[in-house]
Amino acid sequence: MSPNYKNAFTFTKRPIMEVTEEDGQLSRAGTLDAELNQLDALPVASGVKEVHNWSLRPTSSNDFFLRESFNMLLRSSADLPADQRLIMYDACDIHEIRQQLGYFRKRIDARRNTKPKKPDAQLYVCTPFDFDAFNFTKIKNDRERILTVQLQTGPYDVLTNKFPLFQKHMLLVSKLLVPQQMTFNHLAAVVQLLQACSFCAYFNSWCASASVNHFHCHIIDEVPPVADFPLVQGPLILGTRCLQPQGFPGFCYVFKATQLSLVDTVIQAMQADNQPHNLMFTQRHIYIFPKPLQRPARSRELYPETVGGPELIGSFTVYNEEDYEAISAATIDELVRINTAPLPSRVLRRGGGGNGVDDAAVHAAVSRTTQSAIRASHSLDYFKFSFSGDIAPAVC
């Protein structure tokens with residue numbers, strides 16, 4: 001048992017404000033720095049915790065609280081009827097079957113098939129918030145709310161995820177009634193949260209596997225498989241060279257977690273073009289996966305589910321053995337390739353701008369995408385130069 005474990009279950013109530021009679025000075029016991037936000041001093045099993053100094057707390061303390069809160073709710077849900085459970089199952093227990101396929105993995109978990117299906121009518125990435133539809137302020141059991149955290153750009157809740165796909169899978173949800181659209185403030189909030197813990201995150205835009213049109217981001221207690229790809233120099237994005245995962249079979253653009261303004265501008269360009277997208281966050285980087293405007297018909301033939309955030313960050317989940325056996329490394333390569341697309345052309349710099357680098361060729365240099373040979377009629381070999389100086393068309 002760790003030394004902090006006992007402390008986590010010790011709570012001493014103090015007055016919100018205390019003034020001494022001798023000097024009239026406020027006691028530190030009534031400040032945010034003293035009590036209101038120290039999760040170490042609150043029992044995990046108590047009511048909702050509100051935190052204002054998340055970034056000032058030790059990473060180990062934040063990790064401990066999130067993990068123990070999840071474990072406690074998982075244990076308390078185990079003996080309840082399905083409709084009363086806060087977490088249906090542990091995604092990484094003995095019932096999970098998985099196989100590594102290169103950097104990606106496939107897994108089978110029939111329990112996930114009990115999750116309600118996503119709405120079909122998703123036409124616009126920037127669909128306005130619908131106050132009549134379900135949103136996360138309408139949750140039935142307040143125990144789903146693990147934590148309320150006040151970040152620099154606004155208040156958020158950490159909620160349970162009833163149908164987890166990853167280790168300690170939770171949701172970061174805006175307390176404001178805003179749609180499932182990534183903004184600069186949300187970017188800053190996710191990055192701030194991850195800087196003070198060991199968790200990672202992914203985001204599904206509307207039309208890209210999101211099921212609730214209320215801003216939320218998925219928080220997971222593992223480094224996603226795609227983060228293991230080595231990062232190499234990528235194309236210029238709005239004049240700044242990004243990174244790309246070498247060997248990743250689709251389109252992926254990687255930025256440092258400090259480049260929030262640039263990432264926000266790129267996301268706004270995708271939103272303006274109604275281009276669905278998925279994002280992945282680690283402590284150091286933000287990965288952008290632009291998607292085609294429509295789901296390819298071929299994707300349905302290869303994989304029964306929508307290829308969204310979970311798949312593009314490295315994990316393909318199916319519910320029966322037939323679909324599981326049908327997934328191979330080649331299948332995953334094709335699925336990732338056809339379910340990603342380039343960023344809007346106006347944010348890409350083509351031709352190298354005289355610096356000797358053709359950014360149109362960078363993606364081919366770092367990916368495993370197979371490309372057909374260029375026809376001779378489209379190459380320099382179309383013309384043959386004779387020693388006499390005459391130019392004649394080549395035979396094609």
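All residue numbers refer to positions in the sequence shown, counting from 1. These figures come from a predicted structure and were not determined experimentally.
The 12-atom threshold is not exceeded at CD of Glu321, counting heavy atoms of other residues, nucleotides or ligands nearer than 6.0 Å. Other residues, nucleotides and ligands contribute more than 12 heavy atoms inside 6.0 Å of the NZ atom of Lys138. Around the CG atom of Asp79, the shell of radius 6.0 Å holds no more than 12 heavy atoms that belong to other residues, nucleotides or ligands. Atom CD of Gln152 has 12 or fewer heavy atoms from other residues, nucleotides or ligands within 6.0 Å.
Not one N or O on the side chain of Thr160 forms a donor-acceptor pair closer than 3.5 Å with the backbone of Lys162. Checking side-chain atoms of Ser69 against main-chain N and O of Leu66 turns up no donor-acceptor pair under 3.5 Å. In terms of modelled atom types and a separation under 3.5 Å, the side chain of Arg295 and the main chain of Ala208 share no donor-acceptor contact. Counting only distance, with no hydrogens or angles, the side chain of Asn135 and the backbone of Thr137 share a donor-acceptor pair below 3.5 Å. Listed for the Trp54 side chain is a donor-acceptor partner under 3.5 Å among the backbone atoms of Leu193. With Lys106 contributing its side chain and Tyr324 its backbone, the two residues share a donor-acceptor pair below 3.5 Å. Panel note: side chain Asn320, backbone Asp323; a donor-acceptor pair is recorded below 3.5 Å.
You'll find the side chain of Val307 stays beyond 4.5 Å of the side chain of Val336, heavy atoms only. Considering only heavy atoms from C-beta on, Leu159 stays 4.5 Å or farther from Leu172 through its side chain. Side-chain contact between Met88 and Arg111 is absent, with no heavy atoms from C-beta onward closer than 4.5 Å. Two residues are said to be in side-chain contact when any heavy atoms from C-beta on lie closer than 4.5 Å; Pro164 and Ile87 meet this criterion. Using a 4.5 Å heavy-atom threshold, the side chains of Ile108 and Thr317 count as separate. Counting heavy atoms from C-beta outward, Thr240 and Cys242 have side chains that stay 4.5 Å or more apart. Counting heavy atoms from C-beta outward, Ile220 and Lys168 have side chains that stay 4.5 Å or more apart. Residues Cys197 and Leu194 have side chains in contact (heavy-atom distance under 4.5 Å, counting atoms from C-beta outward).
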Run the side chain to side chain donor-acceptor pair (under 3.5 Å) test on His169 and Gln167 for me, step by step, so that the C-alpha distance in whole Å, both residues' side-chain angles and the decisive distance to 0.1 Å come before the verdict. CA-CA 5 Å; His169 190 166; Gln167 181 82 5; over 6 Å; no
Let's go through Phe203 and Phe281 carefully: what are the C-alpha distance in whole Å and the side-chain angles of both, what is the deciding distance for ring pair (Phe, Tyr, Trp, His ring centres under 6.0 Å) to 0.1 Å, and is it a yes or a no? CA-CA 8 Å; Phe203 170 81; Phe281 297 82; 7.8 Å; no
Working note: Ile219 + Leu171, criterion side chain to side chain contact (heavy atoms under 4.5 Å, CB included); need CA distance, chi angles, decisive distance, verdict. CA-CA 6 Å; Ile219 309 299; Leu171 300 177; over 6 Å; no
Given the rule in the side chain to side chain contact (heavy atoms under 4.5 Å, CB included) test, do Leu147 and Asp157 qualify, once you have shown the distances and angles that lead to the verdict? CA-CA 6 Å; Leu147 170 70; Asp157 284 332; over 6 Å; no
Give the intermediate values and the outcome of side chain to side chain contact (heavy atoms under 4.5 Å, CB included) for residues Leu348 and Leu236. CA-CA 6 Å; Leu348 294 169; Leu236 288 171; over 6 Å; no
Please walk me through it: do Asp273 and Arg346 pass salt bridge (Lys or Arg N to Asp or Glu O under 4.0 Å)? CA-CA 11 Å; Asp273 286 8; Arg346 62 185 177 278; 3.0 Å; yes
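Between Glu222 and Arg105 there is a salt bridge, since at least one side-chain N of the basic residue sits less than 4.0 Å from a carboxylate O of the acidic one. Here Asp109 pairs with Arg107 in a salt bridge; the nearest charged N to carboxylate O distance falls below 4.0 Å.
Follow the hydrophobic side-chain contacts under 4.5 Å out from Ile139 and you never reach Leu177; the two are in separate clusters. Phe215 and Ile286 fall within a single hydrophobic cluster, where Ile, Leu, Val, Met, Phe, Trp and Tyr side chains are chained together by heavy-atom contacts under 4.5 Å. Under a hydrophobic-cluster definition in which Ile, Leu, Val, Met, Phe, Trp and Tyr are linked whenever side-chain heavy atoms come within less than 4.5 Å, directly or via other members, Phe104 and Ile97 are assigned to the same cluster. Side-chain heavy atoms closer than 4.5 Å link hydrophobic residues (I, L, V, M, F, W, Y) into clusters, and following such links, even through other members, never connects Ile338 to Ile332. With hydrophobic clusters built from ILVMFWY side chains whose heavy atoms lie under 4.5 angstrom apart, Phe289 does not share a cluster with Val223.
With a 6.0 Å cutoff to the six-membered ring centre and a 45° limit on the axis angle, Lys49 does not count as a cation-pi contact of Phe65.
Atom CZ of Phe64 sits about 15.0 Å away from atom OG1 of Thr59, to the nearest 0.5 Å. Of the inter-residue distances, the one linking Leu73 atom CG with Ser77 atom OG reads 6.0 Å to the nearest 0.5 angstrom. Leu243 contributes atom CG, which lies 6.0 Å from atom CD of Gln233 (distance to the nearest 0.5 angstrom). Between the SG atom of Cys126 and the CE atom of Met182 there is a distance of 12.0 Å, given to the nearest 0.5 Å. In this structure, SG on Cys200 lies 8.5 Å from CD1 on Ile313, to the nearest 0.5 angstrom. Put simply, CZ on Arg145 and CD on Glu50 are 11.0 Å apart, with the number rounded to the nearest 0.5 Å.
Residues passing the ring-ring contact (aromatic ring centres under 6.0 Å, His included) test with Tyr303, sequence neighbours excluded: Phe316. Listed by chain and number, the residues in a side chain to side chain donor-acceptor pair (under 3.5 Å) with Arg67 are Asp221 (sequence neighbours excluded). By the ring-ring contact (aromatic ring centres under 6.0 Å, His included) test, Phe134 is found to be paired with Phe136, residues two or more places apart in sequence or in another chain being considered.
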Can you give each donor-acceptor pair under 3.5 Å made by side-chain atoms of residues 249-261, sequence neighbours left out, with the distance rounded to 0.1 Å?
| residue | atom | partner | partner atom | Å |
| --- | --- | --- | --- | --- |
| Tyr253 | OH | Leu343 | N | 3.4 |
| Gln259 | OE1 | Lys256 | N | 2.8 |

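Sorted by first and then second residue, the pairs that involve residues 181-200 and meet side-chain hydrogen bond (donor to acceptor under 3.5 Å, both in side chains), not counting sequence neighbours, are Ser55-Gln192, Asp63-Ser198, Tyr156-His186. Legend: side-chain hydrogen bond (donor to acceptor under 3.5 Å, both in side chains) pairs involving residues 274-293, not counting sequence neighbours, sorted by first then second residue: Asn204-Asn278.
A centroid separation of less than 6.0 Å is found between the aromatic rings of Tyr202 and Phe166.
In this structure, Ala210 and Gln122 approach most closely via the heavy-atom pair O-NE2, 2.9 Å. When all heavy atoms of Pro225 and Gly314 are compared, the closest pair comes out as CG-O, 3.8 Å.
Side-chain N/O atoms of Asn213 and Thr127 include no donor and acceptor closer than 3.5 Å. Inspection of the His214 and Gln180 side chains reveals no N or O donor paired with an N or O acceptor under 3.5 Å.
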